[in-house]
Amino acid sequence: MATITDTAVRQRPGRRPNRRPRSRSVGATGRYVLLALMLLFALLPFAWMLITAIKPAAEAYTTPIIWWPSTPTVENFVAVLTKTDFPRVVLNTVIVAVSAALISTTVAVLAAYGLSRLAGKRAQVLMISLLFAQMIPTVLLVIPYFLIFRRLGLVDTLLALVITNVSFTAPIATWLLLRFIGKVPKELDAAAMIDGCTRLGALRRVVLPAARSGVAAVFFYTFLVAWHEYLFALSLTSSPQNQVATLSIASLVGQYSVSWGQLMALGILVALPLIVLFLMVERSLIEGLAGGVKG
Amino acid sequence: MSGTRRMERPAPERPATPTAAGATGAPGSRPRPRRRTVSAGDRAIFFGPLMVVLVGMLAFPIGFALYASFADVDNLFSLEFAGAANYQELFERPADLVTPFLNTLRFVGVSVAAALVLGFGGALLLNTTLRGRRWFRSALLFPWVIPTVLVALLWRWIMDSNLGGAFNGLLAEVGIIDDPVSWLGSPDWAPWVIILAQVWHGFPFVMIMLLAALQAIPDELYEAAAVDGAGPVRQLTAITWPGVRPIFVLVGTLEGLYAFREFATIDVLTKGGPAGSTEVLATQVYRLFFEYHQFGKAVALAALMFLLALLATTFFLRLSIRGDED
């Protein structure tokens, strides 16, 4: 593509072929147009979510459609916060997602350190089983978990959701963390151990701080996956006091007591913190995902 | 012969200090005996938790489910071995399986293909020296961050069957339609709406992976190609494509696996309807088990899904590896 030669050419101005500058300016405009189209596709639904949420009830569902509210309002947000059990639902979700992320990240830190420092021939087998874990259809896991939890009396508890979430976030987390832990020089923890640290001490005092951004990214990723989870929540919990956000949202769809404006307000309340968190860890998260694939 | 004798002699010492054996290779050179050896305790600390997850929380439930698919699960408790009875029951009316299977193929095939095209296009665009590149990248990733249920909810509202729905409203505004189309109520349109939602949610992940792959290709390759007179198209086919192909296949496989097991998008958008036009294998298993209480059929179908995922993944990853060797 013309775009790529640009980069290459710019680094060696002396060798620039004759036609380059022209095709570059044309190419740049085209690229901006294409990117703008992609941005529209990605962001228009968000815009519509926001517009619907700030519309007064009278303008929400009209023919012809009203594209911009005459008087933007926060009434939908107020209604969602008072009418639904939103605070409790968010608290439940945070409990499940944070516990699952904490456990998964801890498991992953230990295993990724082990794989990068102590692994023998079995490392390959472990790596393959991490990938293998991605192949399991969630519905196949739900059934045995449902049967097992019934016997253990764990159905309809938040603990059940933490366990099931960990079962598929811990392998992904390990896979992602490998790159970050692998990048920390082995001499660092070797030095710490000569100074009298145990392996675990070296991991905690030296390796973990050095791989801090990676650990944060993996924590966020597992948190996100657990926050997104729906099928386990639907199958394994039933009572309102154990409801998590995804289940709550899905249960409100199609209820006449809840308007689309309120649903979209709820959507924003759910999406906004996740987007802000994402922007905070974006860089290392992307690095980790990319590294996970390359490794 | 002498080798065996030599091995016999130090044998009594070995059990006492099993870890010292490795260190004796280079005794005086450097004081790092601890680094070279891995004690059983270390192994338990570092690999134990992961093994608990992999064996206890994945392998055991999966094994349990696979066994249950060959057992009598009608009352969910006895679990007596019953041979292939569940599978026989499942295939008694094969026609019931054909539609969800074909729906799954279409859902997975089209959504992965579209996500790959969009994602690769986006990655190529972002892998250039545009101003505001990082801002573009962040914004394009937003759809990936929000929960699937919310994605489905949002598209359900956009595709609402009244003119108050944004898509109908837009088409009416432009003059393409006069009467609202019931996108989610029509068996012809509903499958494409769930694909649209899936692609919107899934393409950013593909894009970010392929962007990383593109950035890993050394600039020198392009420089050399330009010097040799290779044009943009030739560079794309000779350098870019071989460079990203393994990751392209891997990401496509992952996307395919995620789409194959996708449940939330479909459950919230259509619940498998109308008239079963969006019922896929994953939603079918859920319905069989939790709604129709046909436990045996459900667990047998879930086991078959696993088999399908295994076969497809092996096939595509082979493809990826072969691409590496080219």
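Sequence lines set the chain letters: A, B, ... in the order given, protein chains first and strands last, and positions in each chain run from 1. The shown structure was predicted, so the numbers you read here are calculated from the model rather than taken from an experiment.
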Can you name the closest pair of heavy atoms from [X] and [Y] and give their distance?
X: A:Y145; Y: B:M57; answer: OH-O, 2.6 Å
X: B:G169; Y: A:W67; answer: C-CZ2, 3.8 Å
X: A:L39; Y: B:A139; answer: CD2-CB, 3.6 Å
X: A:A133; Y: B:R261; answer: O-NH1, 4.5 Å
X: B:L150; Y: A:A271; answer: CD2-CB, 4.0 Å
X: B:W200; Y: A:F41; answer: NE1-O, 2.9 Å

Contact class of [X] relative to chain B, heavy atoms under 4.5 angstrom:
X: A:L247; result: neither
X: A:L224; result: side chain
X: A:E282; result: side chain
X: A:L279; result: side chain
X: A:I103; result: neither

[atom2] on [Y] to [atom1] on [X], rounded to 0.5 Å:
X: A:M135; Y: B:L311; atom1: CE; atom2: CG; value: 10.5 Å
X: A:L35; Y: B:T128; atom1: CG; atom2: OG1; value: 7.0 Å
X: A:T246; Y: B:L153; atom1: OG1; atom2: CG; value: 12.0 Å
X: B:M305; Y: A:T138; atom1: CE; atom2: OG1; value: 8.0 Å

Check: Does B:R133 CZ have over 12 foreign heavy atoms under 6.0 Å away?
Finding: yes

Check: Any idea how A:W260 and B:W157 line up, ring-wise: parallel (<30°), tilted (30 to 60°), or perpendicular (>60°)?
Finding: parallel

[Y] backbone acceptor or donor facing [X] side chain under 3.5 Å:
X: A:H228; Y: B:V145; answer: yes
X: A:Y32; Y: B:R131; answer: yes
X: A:R199; Y: B:D42; answer: no

Item checked: When A:L141, A:D189, A:L203, A:L34 are compared by non-hydrogen pairs under 4.5 Å with chain B, the top option -> A:L141

